[in-house]
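Worksheet for the structure shown next.
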Amino acid sequence: QEDTSIDSVFGQFLHEAGVVLRQGSTSNEIAVDQVVFQKRLQQRLKKSPRYPGIVQEFITGLESHIEDPERFRNCLLPCVPRLADGDSSSVSSFQESLLRMLLGIEMLQVLVINTLFEKLPEFMFDGAGQDGLNIPRVIVNQLKWLDRIIDSKELAGKLMQLVSVASVEIQRDIITSLPEILEDSQHSDIARELNSLLQENTQLTVPILDAFSSLNLSSTLLAEVRVSVMATLSAVHLEDLPVVVKFILHSISSSDALEVVCDLRKKLELELCVLPPVLQASQSRMKNKGTTESSNTSASSSSQDSVALVLDGIKSAVRFQKTTSEAWLKAIENVDTAEDHKVIDLLVLFILHSTNANHSRRGVERVLKVKVRAGQIQEALLQKTFRGYAQVMRGYFPSILALAQSLLRSPDPCVVPIGGHMYRLSFTAFDSYCQQEVVGSLVTHVCSGVGGEVDVALELLCGLVTEKPSEMALYAVFVKGILDYMDNLTPQQIRRLFHLLSGLAFGQQQQGTHIQDDMHIVVRKQLSSTVPKYKRIGIIGAVMVVGSMGACRPKVEDSQGGTLPKETFRQVTALLELVRSCSESSPEAAALYYDELANLVLTCTLDPLVQVCLSHKPSRHTLYNNLPSALPPLVCPRSFPFPACMMYNLDDEESQGGIAINLLQLLSDDLQHKGELRVSPLCLSPFFRLLRLCEEQQHQGDLEEIDALLGCPLILTDMDVVEKSESLSKPEREFLCGLLFHTINWFREVVNAFCSQKDPEMKMKVVTRLQNITYLQTLLERTLAATPGYAPPLANFDGESTEGVPLSSSSAAPKKGKKGKKAPAKNSSADSSQLEEGTEAEETQQEKVQEATRPGVSLVSYRPFFRELDMEVLSVLQCGLLSRSLLDSELHSKVREEVQLGPAELVFLLEDMWRKLEFSLTAAPAKRVPFFKVGHTHTLVGFSHLQQKSPKDIAACCVQLLPTLCTHLENCHNHFQTLLPENQGVVDASGLDVREHQLLSSAYQLLLQVLHTTFSWSGFSQPEHRGLLKKILGVLAGRLKEGGPELTMDQLIKHSFEYLLNFHSTVPSLSIALCLSQLLSTVANRGGHQATYREQTATLARRFLCQEWRTTSGDREKGPKHNETLQTLLSIYLEHTDDVLKAVEEIAGEGIPELLNSAKGASSRTWPTLNRLTFLVFYKGMMGVLEKAVRKIPPGRNSDSTEVTSEKLLTWNLAVRDFHILVNLVKVFDNRPVLNVCLKYGRLFLESFLKLGMPLLDFSFKKHKEDVQSLLKTFQLSTRQLHHMCGHSKIRQDTILTNHVPALKKSLEQFVYRVKAMLTLNHCQEAFWLGNLKNRDLKGEEILTQRSQGSDEEEEEEEAGSPLPQEQSEDEVLAIIDFYSYCIELNYFSNYIYLCVSIKEVSMF
């Protein structure tokens, strides 16, 4: 039905223009296109005689028409095309609403807008109608995207007025529509008003920010708005937080990205968003599982969703804006304390790693490793992140896994634990898919072939089995797959693997029963193998299975006095019997079996019945049958005519009716009946170790039942036969060597057993046994020297029996082999205390010691053939003077026997301690080897027991022993302090006990090395071990000043440094001086103010370098070892000195000229350690540190002040001058090693100059012309000499030298063009000109090649006609720089081009 209002002006005009108004729910109709309608209506109004009054009448008609809600609704909805005449082409399918078309007419727009705004309050609180139409929203939509707004400013004002009074829902609609309503000219004004509104009403945060993101704002205004938004961040509702974060991150520019991100990171407290709901939910689940659980869970889920949306906003920002990505990384990097790091830091690192390219991923890995290494990102933060944000982090699991892999593979031991924590927490927090990936990744680590990586991965798997046995049981098949790749695992790793699998298969909860059969099959298969390697694996695996099956557990009904079920106990005994029967045919296998059982008893809590079973398996009668009560008649093969002799009895003579170890008979029978099933002497020590440990377990450490074995004698032969070893046959000498090896190993195991006993008499016997060992080792050295090629009996049975056997029969010096070394020969080191590599005394000193002792070999080569000493043995170091009273026949105290550690025993224990610390606390760089390539495990031999302890346990043991070590250190100091004044400050006086001096020197050095290795432990950098470090420093500081616990860390380091510094006056050799310098440097590095100690360390190192070092014979120290020590000490001095360039100039400018002017064998007066034999050491050290120093010079910038530029130029002048001095020294010292060093570091210096020095010259050339001129002038002399060295290298056809030439020539060529570029930049290109430079050798003589000889005359003519003089005077030449052309492959020695820059030409600019 047509509307009756058509009779009004409003209706008539509309009808004439083409719109028909309808009543009710029928839409208005339009017969023409809306553009035609608007044009017709506008013309009709303008042509009306009553214009402009007719306009108001039209609006009045509109107002009266829309008073009816249905009509108003029709006017707001689109018009329907009217096709009465069947013409479909005149009207488009979609038409705007009537009101929107009226808004498009300029003369009506303002009046229609006013009408709409007056009408809107009527519907403000109605909400959506039955048809879902929200009238206020539709009214606002009419104003969007108008072609033109007559009065945009007034419209904006009205809209904001409306916002101030409207409901929240309408406010949001209006605000979000503002960018689509207003013109760009009003954006700034409306933004300011919205900014003010944002401060007042946080409910409108989201619509306001949406509007901001669509407004066209200036950068200044945007920054102002962002600051306001940032200020409201802490008050924003959680569900609005993602929008706020997204706006902030998408509104930053490259200039302020870092500042904004730092501010955002500081105010973004995700911890407050997630934790309370999570805790609420967990508490509600604990209290009642009613309806509140679902509500709390939903609250927690919604908070997790909000955090996920925040992270998505960050993710989108860093993905599409590189500056934002870099800003986040820098913001996290700038946090310098662990307390300041937040959960958002870790989450952002995961985001950056998951979204960006490879270089950014490397950046994330670098930052994470730096933070972990500095102790700023710790396990607590990881736990908080995984605990509260597991749902959010699940989406970043691939990045978490990749970062964990990277950390675990790092050669830096400080960052490895965090990688392990990431694996463990990922397994705990995520779903089964992630758990499977974690286990798969850890198995991959185990198969990586990197020792440290394998160990950590196995430990993590074992930890997961302990923490989550039921979950890990699902993936037991994955772990079982490692069994196929055991060939290249070390024995300790095999133990861990079987411990892991047997824990899954046979543990108390029996989760992994599905792999029990596979485990039994593998163990039986390995045990039945005839290959010793696989039999060893079978023995280790079987014993670990016994440990899991026989572990003590809650008591059950069908057990027999123990805690195990009958069937389980039967399986344990059957498996033990199987191993025994499979190993009895091989002494090595049997010995390994008993060693593994002993290890099991030591590390596991076994069922009492299993303990009893173990203690009787190596049946006591078997052991005691070999310990006869009386000396039997000796029956030896004729080939070994050694008289029997009872030796080393420590018990009273009345106890001769006791036992004795008939080792001579045992060894004779073993050799005579080789291959028969007999008790081998190899099993003697393992038997005893197992027996002792079973006794300790069953009697709470009391060894009274077997204490007779400590002092009982051994039946050996008279050791005078060692003196005649040269006259014995080879089998006789080998028999004697074997006897000594077995005796020493028996005593070592006895010391292991009784070292912890508190009884003074037993302590005396232990010390005496140590004296026996050191004496027997000197005998063994001499015997081995006479027996080249001897293969000692094994003492450690968990490695290849063929490894380490010395096969060489030559008299070559021993070299480090797999487990042992090649056969040492005569005329090698004479003392058993000689230390491996870093601890060996200098060669010249060894020669002098050999003059005072018998010829022998170093036992360093044979260490794998001695039984391992336990850590507990080191407690013997704490023994002082031990004494006991000897009774006469009438029981009166007549004689008092005293025993104490002598120098030899002290060195023996310290050497063992140092080797243990080196193994446990020193992290060797990870070397990746192919998994299928068999690696050498010689470094692991002899440390099987030690590997059961963690590095923290070893460090804690050092803390306990440290007071004793300090006492021994002070005793050594006092000894040498007394010795030096007596001998007028020298150590080569007549009457000096060379043997004692050498032993005490070794003890002094070992004590310092033990301290150095302890302080070097990387674990001290981790926060959880800071307390341990403080204890160690407290011990050292307490020797100097009381009140250790009250001191701060810096004070402790200060007093410890002062205490150790006091020892500098008594060091007897250069190697000990180096140890002290390294120790002081390490201690200083543990503090936060390292610079305060650098000067003292440098002064001390300089003092040692300026001291003359002589051996006990009075000769100057020399040799390769001395040179290596000197090089390290020199590097310490040059690295710690304040002015490296000055130090280099001092040595090169004063010390070396003194050396050149001295006699042939003399040394420099100022630097006595500098002589012709050590010149290369000093030269290489100075060249290396000079090249490092110039790399640290800051690059020049155009913005630098004149003073800064002058200072940098001065530094470069000093560096170039030092370089010139060093390069010119090759004229005097022209041997190949010196030339090689000069060519290598000369190129590196030149490259650094091109990269860092030339940019400085670019912009300082005009202002500092004289300085630049001087620098290039000096540098030209060096490059000329380098050119001569290249020619010399080619003439000599020395490939070692010529390898450096092409790269050096390339750098010289680059230098020429770089100077030309500098002159062009400063408008002095006319000063650049080229000429020909002939090839010359080191002496300056011209090198004539075939080509140059054929063209001599032509070249002479060119030179004569050239305007360049042959030799330029100093005031005419700024720089002459060698230039090498690569276009000379046919003739290497073609002419070189050089450049000259004339001062006269430069000065005019």
Classify the angle between the aromatic ring planes of Phe741 and Tyr862 as parallel (below 30°), tilted (30 to 60°) or perpendicular (above 60°). tilted
For Val438 against Ser426, the heavy-atom pair lying closest together: CG2-CB, 4.0 Å
Any donor-acceptor pair under 3.5 Å from Lys468 side chain to Phe427 backbone: no
Quick one: CE on Met519 to CG on Leu483, what's the gap to the nearest 0.5 Å? 6.5 Å
Once you round to the nearest 0.5 Å, how far does CD of Glu872 lie from CD of Gln757? 12.0 Å
Should His445 and Val456 count as side-chain neighbours, where that means a heavy-atom distance under 4.5 Å? no
Apply salt bridge (charged side-chain N to carboxylate O under 4.0 Å, His left out) to the pair Arg689 and Asp870, showing each step before the final yes or no. CA-CA 11 Å; Arg689 179 174 177 81; Asp870 295 335; 3.3 Å; yes
Ring geometry between Phe506 and His520 (parallel below 30°, tilted from 30 to 60°, perpendicular above 60°): perpendicular
Within a strict 4.5 Å, meaning less than it, do heavy atoms of the Phe797 and Leu682 side chains meet? yes
Side chain to side chain donor-acceptor pair (under 3.5 Å) filter on Gln435, not counting sequence neighbours, yields Tyr475
Side chain to side chain contact (heavy atoms under 4.5 Å, CB included) assessment of Asp487 paired with Lys533: CA-CA 9 Å; Asp487 282 3; Lys533 176 179 181 178; 3.8 Å; yes
Do Gln493 and Leu458 come close enough that some side-chain heavy atom pair is under 4.5 Å? yes
Given Glu379 and Arg424, is the salt bridge (charged side-chain N to carboxylate O under 4.0 Å, His left out) satisfied, shown in steps? CA-CA 11 Å; Glu379 182 188 0; Arg424 182 172 53 81; 2.9 Å; yes
Just so I know, are the side chains of Arg915 and Phe919 near enough to count as touching, which here means a heavy-atom distance under 4.5 Å? no
Which residues satisfy the side chain to side chain donor-acceptor pair (under 3.5 Å) test with Asp953, sequence neighbours excluded? Ser950
Worked check of side chain to side chain contact (heavy atoms under 4.5 Å, CB included) between Gln948 and Leu602: CA-CA 10 Å; Gln948 308 296 327; Leu602 186 63; 5.9 Å; no
Set of side chain to side chain donor-acceptor pair (under 3.5 Å) partners for His742, sequence neighbours left out: none
Quick one: closest heavy-atom pair of Ala589 and Ile539, and the distance? O-CD1, 3.5 Å
Are the side chains of Glu696 and Leu693 in contact, using a 4.5 Å heavy-atom criterion? yes
Between OG1 of Thr573 and CE of Met549, what distance do you get to the nearest 0.5 Å? 9.0 Å
Side chains of Glu467 and Thr428: donor-acceptor distance under 3.5 Å anywhere? no
Return the minimal non-hydrogen interatomic distance between Ser448 and Val454, and the atom names on each side. OG-CG2, 4.1 Å
Side-chain heavy-atom pair Val750, Phe688 within 4.5 angstrom cut-off: yes
Test side chain to side chain contact (heavy atoms under 4.5 Å, CB included) applied to Phe747 and Leu714, step by step: CA-CA 10 Å; Phe747 282 155; Leu714 278 74; 3.6 Å; yes
Are side-chain N/O atoms of Arg495 and Gln492 paired as donor and acceptor at under 3.5 Å? yes
With a 4.5 Å limit on heavy-atom distance, are the side chains of Leu575 and Leu578 in contact? yes
Short question: side chain of Arg867, backbone of Ala795 - any donor-acceptor pair under 3.5 Å? yes
Do you know the tightest heavy-atom contact between Cys957 and Met871? SG-CE, 3.3 Å
Hey, does Ile661 have a side-chain heavy atom less than 4.5 Å from the side chain of Cys712? yes
To the nearest 0.5 Å, tell me how far Lys916 NZ sits from Lys949 NZ. 10.5 Å
What one should report as the nearest heavy-atom pair of Pro469 and Leu504 is O-CD2, 4.2 Å
Can a salt bridge be assigned to the pair Arg580 and Glu577 using a cut-off of 4.0 Å between side-chain N and carboxylate O? yes
Enter the distance from Glu868:CD to Asp912:CG here, rounded to the nearest 0.5 Å. 8.0 Å
Under the side chain to side chain contact (heavy atoms under 4.5 Å, CB included) rule, what do Glu704 and His699 come out as? Steps first, then yes or no, please. CA-CA 9 Å; Glu704 185 177 357; His699 299 95; over 6 Å; no
List the steps and the verdict of salt bridge (charged side-chain N to carboxylate O under 4.0 Å, His left out) for Glu567 and Arg570. CA-CA 5 Å; Glu567 177 60 24; Arg570 186 195 63 77; 2.6 Å; yes
Which value, rounded to the nearest 0.5 Å, describes the distance between Ser920 atom OG and Gln947 atom CD? 8.0 Å
Considering all heavy atoms of both residues, which atom of Val523 and which atom of Phe498 are nearest to each other, and what is their separation? CG2-CE2, 4.2 Å
Does a donor on one side chain and an acceptor on the other come within less than 3.5 Å for Glu749 and Asn745? no
